[in-house]
Amino acid sequence: MDVSLDPTLGCGQAHRWRRTGEWWEGVIDNDIVRMRQTDYGAEVEGCSDMGRLMRYFRSEDDLDAIVREISERDPYVASLSEHCPGLRILKQDEWECLATYLLATNANVARIGKMVESVCDACGRDLGGRHAFPSPKDILDNAERIPSCRLGFREGRFIELARRVEDGEIDPVAISELDYEGCVRELIGIKGVGPKVADCVAIFGYGHLEAFPVDVRIQKVVEEMYGVSGSYAKVSAFGRERFGRYAGYAQEFLYHSKFIASRRTP
DNA sequence: CATCAACCTGATCA
DNA sequence: ATGATCAGGTTGA
């Protein structure tokens with residue numbers, strides 16, 4: 001499997017990966033996984049289920065074919081993939097992805113990571129050094145520790161989400177049966193989940209690669225490059241129609257192009 | 001349906 | 001150093 005760890009794990013799609021020297025350390029389910037880049041792919045330590053790891057990295061995604069397909073619709077955006085070869089969209093755990101992105105509201109990537117790690121430390125199973133992402137029950141059983149995580153206005157939404165999932169009002173597994181539109185419709189009904197978070201969960205948690213999440217950065221790029229602006233619905237629909245079933249990958253390429261541009265311009 | 005302030009906190013900027 | 005600003009948005013008016 002071809003993969004570049006830096007753009008894949010460091011771009012903010014998953015929030016539990018930390019880089020120390022040449023090693024990336026993260027938590028997948030109940031494993032503390034360490035990875036480092038090799039010529040051909042990645043070296044892995046600590047993973048008890050390589051099949052799970054392959055699914056996590058969506059090893060079935062043929063990156064060249066995806067870029068080719070995007071290229072038929074928009075060669076320029078496809079060419080942006082050269083800035084981040086080996087970038088893969090991840091397939092994260094549904095519940096973890098939903099709960100994590102609920103916390104992402106109006107916070108920067110650094111802060112999201114801290115909130116997530118804090119919640120894991122406070123409520124998740126101790127794996128030895130790192131903690132697993134807590135189940136809804138873990139959160140409810142340790143609710144008194146949540147205030148120390150300093151989630152701010154997200155705290156109430158976070159606990160309510162845990163309660164509704166634990167009570168069966170929300171079923172993250174059942175949502176995986178739905179198509180993209182059904183998935184988003186279902187997610188948006190959750191308090192604290194708007195269109196942006198729903199799209200992120202649809203793509204990173206449920207594997208709907210046609211989702212085109214529009215954050216402030218993508219909003220600016222799309223306006224600059226295509227002159228498209230306006231409501232969330234309008235811009236994200238533009239992305240899906242323009243780039244097709246791999247719009248999510250196109251979104252990543254655009255995201256990284258903006259990153260490079262903004263770092264070059266003081 | 002579009003617009004807009006308020007929202008917790010902390011990292012970043014002036 | 002210390003205060004303003006803003007951040008992978010959502011909500012409710």
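Only heavy atoms go into these numbers, but all of them, side chains included; no hydrogens, no water, no symmetry mates. All chains are named by letter (A, B, ...) in the order of the sequence lines, taking the proteins before the strands, and each is independently numbered beginning at 1.
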Value in whole Å for how far the P atom of dT10(C) lies from OH of Tyr101(A): 12 Å
Sugar-phosphate, base or nothing in reach of Gln13(A), heavy atoms under 4.0 Å: base
Touch class at under 4.0 angstrom, heavy-atom based, for Cys11(A) against every strand present: base
Spacing of Leu103(A) atom CG relative to dT9(B) atom C1', expressed in whole Å: 13 Å
Integer-rounded Å distance: dG8(C) P and His256(A) NE2: 13 Å
Of Thr105(A) and Ala110(A), the one whose closest DNA chain B nucleotide lies more 5': Thr105(A)
Same cluster (ILVMFWY, side-chain, under 4.5 Å), Leu102(A) and Val184(A): no
side-chain N/O Arg150(A) vs dG10(B) OP1/OP2, d < 4.0 Å: yes
Nucleotide nearest Val197(A) (side chain, heavy atoms from C-beta), chosen from dT11(C), dT10(C), dA7(C): dT10(C)
Pair partner, dC8(B) [Watson-Crick or wobble, under 3.5 Å]: none
Any N/O donor-acceptor pair, Arg154(A) side-chain to dC8(B) base, under 3.5 Å: yes
Residues Glu43(A), Arg36(A): salt bridge by 4.0 Å N-O rule: yes
Separation between NE2 of His131(A) and CG of Asp121(A), rounded to the nearest 0.5 Å: 4.5 Å
Listed nucleotide nearest any side-chain atom of Lys191(A), set dT10(C), dC8(B), dT11(C): dT11(C)
Distance, P atom - from dT5(C) to dA5(B), rounded to whole angstrom: 14 Å
Gap between atoms CD1 and P, on Ile112(A) and dA7(C) respectively (whole Å): 12 Å
Candidates dC7(B), dG8(C), dT11(C) - which lies nearest the side chain of Asn106(A): dC7(B)
Interatomic distance where CD belongs to Glu155(A) and C1' belongs to dT10(C) [whole Å]: 17 Å
First encountered from the 5' end of DNA chain B, between Gly152(A) and Asn108(A): Gly152(A)
Touch class at under 4.0 angstrom, heavy-atom based, for Gly194(A) against every strand present: sugar-phosphate
Identity of whatever pairs with dG8(C) - Watson-Crick or G-U, under 3.5 angstrom: none
Distance between P atoms of dC8(B) and dT2(C) (Å, rounded): 27 Å
Interatomic distance, Arg68(A) atom CZ to Asp62(A) atom CG [nearest 0.5 angstrom]: 6.0 Å
Path from Leu254(A) to Tyr232(A) over hydrophobic side-chain contacts below 4.5 Å: yes
Between C1' of dC7(B) and CG of Leu151(A), the distance in whole Å: 14 Å
Separation of dG8(C) P from Phe212(A) CZ (nearest whole Å): 17 Å
Selection from dG10(B), dT11(C), dG8(C) that lies nearest to any side-chain heavy atom of Arg111(A): dG10(B)
Rounded C1' spacing from dA1(C) to dA11(B) in Å: 16 Å
Phosphate-side-chain proximity, Lys114(A) and dA11(B), N/O vs OP1/OP2 below 4.0 Å: yes
Sugar-phosphate, base or nothing in reach of Pro213(A), heavy atoms under 4.0 Å: nothing
Phe204(A) and Tyr101(A) aromatic ring geometry - parallel, tilted or perpendicular at 30°/60° bounds: parallel
Touch class at under 4.0 angstrom, heavy-atom based, for Leu102(A) against every strand present: nothing
Touch class at under 4.0 angstrom, heavy-atom based, for Val214(A) against every strand present: nothing
Parallel, tilted or perpendicular, as decided by the 30° and 60° cut-offs, for the rings of Phe253(A) and Tyr249(A): tilted
Rounded distance in Å - CD (Gln219(A)) to P (dC6(C)): 15 Å
Along DNA chain C (nearest heavy atom to each residue), the more 5'-positioned of Gly12(A) and Gly192(A): Gly12(A)
Euclidean distance for P, dA4(C) against dA6(B) (whole angstrom): 16 Å
